[in-house]
Amino acid sequence: MDVEPLISLAERPNQALARQVNGGIIVVDGTNVREHSIGKLARDVDHVIDYLSRSGLEAGDRVGIRGPNSYEWLVLDLALVSLGCISVCLPSEAPEFDAMPIASLIETLHLAVMFQAPDGKTEFSQSRVVDLSKILEADPPEPRIGDKTGCQTIAPTRDVFTVAFSSGSTGRLKRLPISWTTNLRHMEAFSKAFDLSERDRILVVLPFSAFQQRHLIHCAIWYGCKVVLARLENLLNALQHGRPTFMLGTPSFYEIAEQRFKLLPPWRRRGLLWLSRAGSILPDGLRPIWRAKLFEAFHRLYGGAMRVMLVGSAPVNRSTLDLFRLAGFPLFEIYGMTEAGWIAWNRPGANRIGTVGTAAFPGAIRIADDGEVLVSCRWNQCTSYEAFDGETVDNGIFVGADTLATGDLGALDGDGYLTISGRKKNVIVTAGGVKVSAEEIEERLASLPAVRHAIVFDHPNIPSLAAAIWTVSDNKDDQKLAMQALMGLNAAALRKTPVLAIVFPTTPLTVESGLLTRNLKIDRAAVRRRFCDDLCSLGAVLNAL
């Protein structure tokens, strides 16, 4: 179905908001829920535009924003886009920035001013530093911009409206200037693919510094949807109180339900799966209703109103996708990256489980001779990383005037569906010279009984694979069950590349533990460093259990 925006895509946010009659922002903070109408949002954006203009900010000025998700953050960003300023959106937690004094950060990034959320450390008496939480007050603090000499501006004709940050393939933060025109092109394609309308409530809980989240907000404004806004720690409350119809998240968002399912008594799990499969004889229209009724408690966990659920950013276990299908959830795997924007997606009416879908833009994807997924720069959000005078940036991901190398290995089938088999850099070469995809083996391990997560890497001392395995209940019974299943897997599917050393970590996979990145991806290098010395042979582990 072709979906038309309720307002012209050519307009800036303040113009779009002035014409919009649908939508709004639902802010969930714990059990506290506040709703801002679209009219209120429009007035707040106009208030901040006037405030920024009076402070001397002009089109092309670079303005930093740093802090957790908030209504003020959202309003400021929309105001900056409307004014023609360039928002430079810093991750709230980034070691490269945390160790740097804010004055140095402002100079390094050529900012006219920095809007910082209160963090207990920042002194707002400093020049060019403003308390983000106070911008909607009747008399907000004036930015002390002063002389903008040395603060690089960007000509409005270049069409750059924001600078996002990406670790690329090196783990080092790189700056990505993103085009407003390209953003609009991706908004239009995304909204049509998923039939967005004023009936939808889009969940936004991942950090705003990840551009994808602000892109979803732009889609909501142009297509009349409401936004359910929260911070990641309030995910479950946002689902319960905001009752979104549309969400996009990392695999961890959906593993919540799978883990709860694995904790059910075996007879209960088998019964639910049998009844779900039996429902396959029902007509297409009744099948999801039957399955949703069977798994009603799990649907309530996600608010009970979901129309579209998207998973991306990291590989999702096949077991998660299969469970959600049998439970009647509208879960679709998609594929994208900050540099390129949307690359491929499954969607209602065109979903092939085990793939990341078909190209978001016609002819945008091709496969290199070595299996790497390449994307046409014609559709990309940016075509190079930002570099200031005298600064050297590795642009290795942009391998030609019109080609972006994703770093992912994949294949296209005859119908154009793309399957991702893993990262090029995560391919392990065994002592026998066999190339192994760590992700493919991890998917097999994750499907074993009692296993929650598994990370595979090469063994440092012997020519075999090793794995760090987190079990569902973190007890010896689960660990023994996982061990026995692993030995069976080694004897069958993994006999050429067996996993012969393991560790059962007790450290949780969280950002705070250092094992997840700020984008909720597993930090493989951190896992290997942390647990390499704790590895034991299967026999030793089994004897200890």
Side-chain angles (χ1 to χ4, degrees), residues 203 205-207 210 230-240 244 247-264 268-269 272-273 276 291 295 297-304 306 308-335 346 353-354 356 420 422 438-456 467-475 478-479 481-482 485 504-513 515-524 526-527:
L203 179 70
V205 295
L206 290 172
R231 299 178 185 178
L232 186 58
E233 59 267 28
N234 282 320
L235 170 62
L236 293 179
N237 281 325
L239 291 169
Q240 296 299 310
M247 68 180 286
L248 184 155
T250 64
S252 61
F253 284 35
Y254 306 102
E255 289 166 359
I256 297 170
E258 186 175 20
Q259 290 161 14
R260 293 195 180 190
F261 180 74
K262 286 183 175 181
L263 289 173
L264 294 176
R268 177 66 172 155
R269 294 200 305 269
L272 284 171
L273 293 177
S276 176
R291 289 173 170 169
F295 289 84
F298 293 90
H299 283 260
R300 286 200 304 269
L301 178 66
Y302 291 94
M306 285 295 176
V308 172
M309 306 169 84
L310 305 179
V311 59
S313 183
V316 59
N317 293 327
R318 178 61 185 259
S319 61
T320 305
L321 296 170
D322 288 340
L323 175 62
F324 271 67
R325 176 181 60 84
L326 290 171
F329 283 105
L331 180 61
F332 305 96
E333 192 172 3
I334 64 172
Y335 177 50
N346 286 291
I353 290 180
V356 293
I420 302 296
E439 288 94 339
E440 288 185 349
I441 295 181
E442 287 162 2
E443 185 172 343
R444 291 182 181 274
L445 297 183
S447 67
L448 298 178
V451 173
R452 177 180 295 180
H453 297 290
I455 304 301
V456 172
I469 296 176
W470 284 260
T471 53
V472 174
S473 297
D474 196 24
N475 58 40
D478 274 7
Q479 291 172 1
L481 186 61
F504 289 110
T506 56
T507 306
L509 282 170
T510 62
V511 174
E512 293 73 21
S513 71
L515 300 181
L516 290 186
T517 68
R518 55 188 163 271
N519 293 328
L520 303 184
K521 296 181 181 180
I522 292 175
D523 188 332
R524 292 174 172 276
V527 170

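For reference, positions follow the sequence shown, starting with 1.
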Check: Leu331 and Asn346 side chains under 4.5 Å, non-hydrogen atoms
no
Taking all non-hydrogen atoms of both residues, which atom of Ala482 and which atom of Phe504 are closest, and how far apart?
CB-CE2, 4.5 Å
With a sphere of 6.0 Å drawn around CZ of Arg268, does it hold more than 12 non-hydrogen atoms of other residues, nucleotides or ligands?
no
CG/Leu323 to CG/Leu273 distance, rounded to the nearest 0.5 angstrom?
7.0 Å
Give a yes or no answer on whether the side chain of Ser513 reaches the backbone of Pro508 with a donor-acceptor pair at less than 3.5 Å.
yes
Report the distance from atom CG of Leu326 to atom CZ of Arg291, rounding to the nearest 0.5 Å.
5.5 Å
Are the side chains of Val311 and Phe324 in touch, meaning some heavy atoms are under 4.5 Å apart?
no
Exam field: side chain His453 to backbone Ala468, donor-acceptor pair closer than 3.5 Å:
no
What is the minimum heavy-atom distance between Leu481 and Ala450, and which atoms define it?
CD2-CB, 4.0 Å
Gap separating the OG atom of Ser473 from the CG atom of Leu263, nearest 0.5 angstrom
5.0 Å
Any side-chain heavy-atom pair from Trp470 and Asp478 closer than 4.5 angstrom?
no
Could you walk me through whether Leu232 and Phe253 pass the side-chain contact (heavy atoms from CB on, under 4.5 Å) test, one step at a time?
CA-CA 10 Å; Leu232 186 58; Phe253 284 35; 3.8 Å; yes
Could you walk me through whether Leu239 and Met247 pass side-chain contact (heavy atoms from CB on, under 4.5 Å), step by step?
CA-CA 9 Å; Leu239 291 169; Met247 68 180 286; 4.2 Å; yes
We want to know whether Gln479 and Thr471 form a side-chain donor-acceptor pair, criterion being a heavy-atom distance below 3.5 angstrom.
no
For Gly354 and Arg318, which heavy atoms make the closest approach, and how far apart are they?
CA-NH1, 4.0 Å
CD/Glu255 to NZ/Lys262 distance, rounded to the nearest 0.5 angstrom?
8.5 Å
Heavy-atom check, side chain of Glu442 versus side chain of Glu439, under 4.5 Å
yes
Closest non-hydrogen contact found for Ala257 with Phe298 is O-CE2, 3.5 Å
I need the Thr320 OG1 to Phe329 CZ distance, nearest 0.5 Å.
12.0 Å
Can you name the nearest heavy-atom pair linking Val456 to Ala438, along with the distance?
O-CB, 4.0 Å
Greater than 12 external heavy atoms within 6.0 Å of Arg444's CZ:
no
Is there a side-chain contact between Ile334 and Leu248, using heavy atoms and a 4.5 Å cut-off?
yes
Taking only residues two or more places apart in sequence, or in another chain, which ones meet Arg300 in a salt bridge (charged side-chain N to carboxylate O under 4.0 Å, His left out)?
Glu296
Flag the pair Ile469 / Leu448 as yes when at least one side-chain heavy-atom distance between them is below 4.5 Å, and no otherwise.
no
Provide the closest heavy-atom pair for Pro251 versus Ala314 in the form atom of the first, atom of the second, distance.
CG-O, 3.5 Å
Check: Ile522 and Leu516 side chains under 4.5 Å, non-hydrogen atoms
yes
Taking atom CG of Leu301 and atom CG of Leu236, what is their separation to the nearest 0.5 Å?
6.0 Å
Any side-chain heavy-atom pair of Tyr302 and Ile256 under 4.5 Å
yes
